[in-house]
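What follows is a set of notes on a single structure, which appears directly below.
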Amino acid sequence: MKALIVVDIQNDFLPGGALAVPGGDAVIPVVNRLQPAFPLVVATQDWHPADHGSFAASHAGKKVFEQIELNGLAQTLWPVHCVQHTQGAALAGTLSRDRIARVFPKGTDAGIDSYSGFFDNGHRKSTGLGEWLKAQGVAEVFVCGLATDYCVKFTALDAAEMGFKTHLIEDASRGVNLRPGDVEKAIEEAKRAGIVVVQSAHLLKQ
Ligand code: VGL
Ligand code: ZN
């Protein structure tokens with residue numbers, strides 16, 4: 001079975017949000033059109049405690065987008081975003097919800113970030129997404145959402161590593177591009193890992 005994995009389409013990643021992805025809102029109508037083409041749709045949700053270690057504000061003297069070491073792992077510092085139970089952490093209001101079977105929260109441990117929807121950045125704990133998809137009989141996944149160069153990329157890489165036939169839907173995703181070219185690099189890295197990069201039109205035509 002095929003599943004669509006909708007990554008982090010949350011208010012804080014949309015224009016006007018705390019960690020806005022340029023053009024992030026443009027993926028919503030595309031993802032809404034894609035959903036009925038899949039027998040199973042799941043979503044991930046960045047869901048941080050207020051003192052999360054990925055926030056610059058959690059480290060005295062550190063600035064947003066600086067690089068630190070957090071419990072032994074390289075960590076980019078972000079603005080405070082997707083704090084549990086805030087409006088910024090909520091899934092986008094215009095994202096169709098009726099076909100989303102389950103939402104998997106991630107980044108809930110203050111001491112470690114979790115770009116992937118499957119595991120934290122240290123691959124220490126599973127979110128349960130991979131096990132659940134396998135229990136549903138899913139063998140093939142299509143990953144889309146925000147942001148291409150972080151959570152979409154790492155979710156797709158982990159899916160491939162877990163043995164799912166993995167696709168990344170390029171035009172249903174947008175990236176941060178903290179450094180120019182980061183999105184292109186992410187797409188190349190995905191391809192090198194055996195992930196098939198596709199466009200939504202290819203999935204929508206019968
Ligand atoms: C993300 C940075 C920090 C993402 C989440 O969803 O791509 N990026 N937290
Ligand atoms: Zn985050």
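Note that ligands are numbered from 1 as they come in the structure, with each ligand's atoms numbered from 1 the same way.
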Six-ring centre of Phe164, Lys2 cation under 6.0 angstrom, axis tolerance 45°: no
Salt-bridge present (Lys106, Asp46; N to O < 4.0 Å): yes
Enumerate the pairs of nitrogen or oxygen atoms, one from ligand 1 and one from the protein, separated by less than 3.5 angstrom; state names and distance to 0.1 Å.
residue	atom	partner	partner atom	Å
ligand 1	6 (O)	Asp8	OD2	2.7
ligand 1	6 (O)	Leu146	O	3.4
ligand 1	7 (O)	Ala147	N	3.0
ligand 1	7 (O)	Cys151	N	3.1
ligand 1	9 (N)	Asp46	OD2	3.0
ligand 1	9 (N)	His81	NE2	3.1

Check: His52 ring centre within less than 6.0 Å of Trp78 ring centre: no
Classify the angle between the aromatic ring planes of His81 and Phe13 as parallel (below 30°), tilted (30 to 60°) or perpendicular (above 60°). tilted
Beyond-backbone contact of Ser173 with Leu146, side-chain heavy atoms, under 4.5 angstrom: no
Neighbour count above 12 (heavy atom, 6.0 Å) for Lys125 NZ: no
If the cut-off is 2.8 Å, does any N/O/S atom of Cys151 fall short of it from the Zn ion (ligand 2)? no
Kindly give the heavy-atom pair with the smallest separation between Gly93 and Asn11, and that separation in Å. N-OD1, 4.2 Å
For the Zn ion (ligand 2), find the closest N/O/S atom on Asp46 and give its atom name. OD2
Among the N/O/S atoms of His48, the Zn ion (ligand 2) lies closest to NE2
